[in-house]
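Heavy-atom basis, side chains included; hydrogens, waters and symmetry copies ignored. Start at 1 with the first residue, then count along the sequence.
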Amino acid sequence: MGSLLIVSGPPGAGKSTVARLIVDHFERSVLVEGDAFFGFLASGAIKPWLPESHQQNEVVTDVAARASGAFVSGGYDTVYDGVVGPWFLAAFASSTGLDRLDYAVILPSLDACLERVRSRVAHGFGDPEATASMHQQFAASDIDHRHVIADDAASPSDIAALIGDRRRRGLLGVQIR
């Protein structure tokens, strides 16, 4: 049996960069890019940060979680890179079919997220208003501090190392059942 680590946070937090660094440390690993699941929507897609996208987001989250759980059940250490706010964590966790997972939220300052989103190259998302809204939702959420990494100055490799250390010490665990 493998393991599941969710690397979450608002746009521009550095999730993808950190997730890639983490997944490369496992012998058998899978990187599940949450944004890819929104790309499967062929027509009628609603931008996932809009209020009217809630039902769509529930479906996409369920599918992504099931896929992640299947990789873990198949023996792969799996890192899920995507926006899984605490408001969706219970639903995501339940859909994985697993008993436990690890959850890390990268939450740099809003200014850092906005600058990273603004300066990205070849990335499909660049909306500063949506970035600010999602950042506010994470910042206002009641997330246990052990899950949060909020350091603008830390490099992606430092954040990956911090997540790895917290994970080894059992600080990122979420019991599902």
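- Atom CD of Glu52 has more than 12 heavy atoms from other residues, nucleotides or ligands within 6.0 Å.
- Remark: aromatic rings of Tyr76 and Phe26 are distant, center separation not under 6.0 Å.
- A continuous path of ILVMFWY side-chain contacts below 4.5 Å connects Ile176 to Ile143, so both sit in one hydrophobic cluster.
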Walk me through it: do Leu98 and Ser73 pass the test side chain to side chain contact (heavy atoms under 4.5 Å, CB included)? CA-CA 8 Å; Leu98 305 173; Ser73 295; 4.1 Å; yes
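- Under the rule for a ring-ring contact (aromatic ring centres under 6.0 Å, His included), the partners of Phe37 that lie at least two apart in sequence or sit in another chain are Phe40.
- Nearest heavy atom pair, residue Pro10 against residue Met134, reads CB-C, 4.1 Å.
- Each of Val30, Ile6, Leu5 was checked for a side-chain contact (heavy atoms from CB on, under 4.5 Å) with Tyr80, and the lone residue meeting it is Ile6.
- Scored by the ring-ring contact (aromatic ring centres under 6.0 Å, His included) test, Phe88 finds His54 as partners (sequence neighbours excluded).
- Pairing each heavy atom of Lys15 with each of Val7, the nearest pair is CD-O, 3.8 Å.
- In the hydrophobic clustering of this structure, Leu21 does not group with Leu107; members are Ile, Leu, Val, Met, Phe, Trp, Tyr whose side-chain heavy atoms approach within less than 4.5 Å, directly or through other members.
- The shortest side-chain heavy-atom distance between Arg66 and Asp62 falls under the 4.5 Å cut-off.
- Grouping the Ile, Leu, Val, Met, Phe, Trp and Tyr side chains by contacts below 4.5 angstrom, directly or via other members, places Val79 apart from Val83.
- Of all heavy-atom pairs spanning Gly9 and Val105, the tightest one is CA-CG1, 4.2 Å.
- Under the 4.5 Å side-chain contact rule for hydrophobic residues, Val72 and Phe92 share a cluster.
- Of all the heavy atoms in Leu41 and Ala45, the pair that sits closest is CB-CB, 3.8 Å.
- Looking at Leu89, Val174, Asp102 one by one, the single match for side-chain contact (heavy atoms from CB on, under 4.5 Å) with His147 turns out to be Val174.
- Arg166 places a side-chain N or O within donor-acceptor distance of the main-chain N or O of Arg146, the cut-off being under 3.5 Å.
- Scanning for ring-ring contact (aromatic ring centres under 6.0 Å, His included) contacts around Phe138 gives Trp87, with sequence neighbours left out.
- Using a 4.5 Å heavy-atom threshold, the side chains of Ser3 and Arg167 count as touching.
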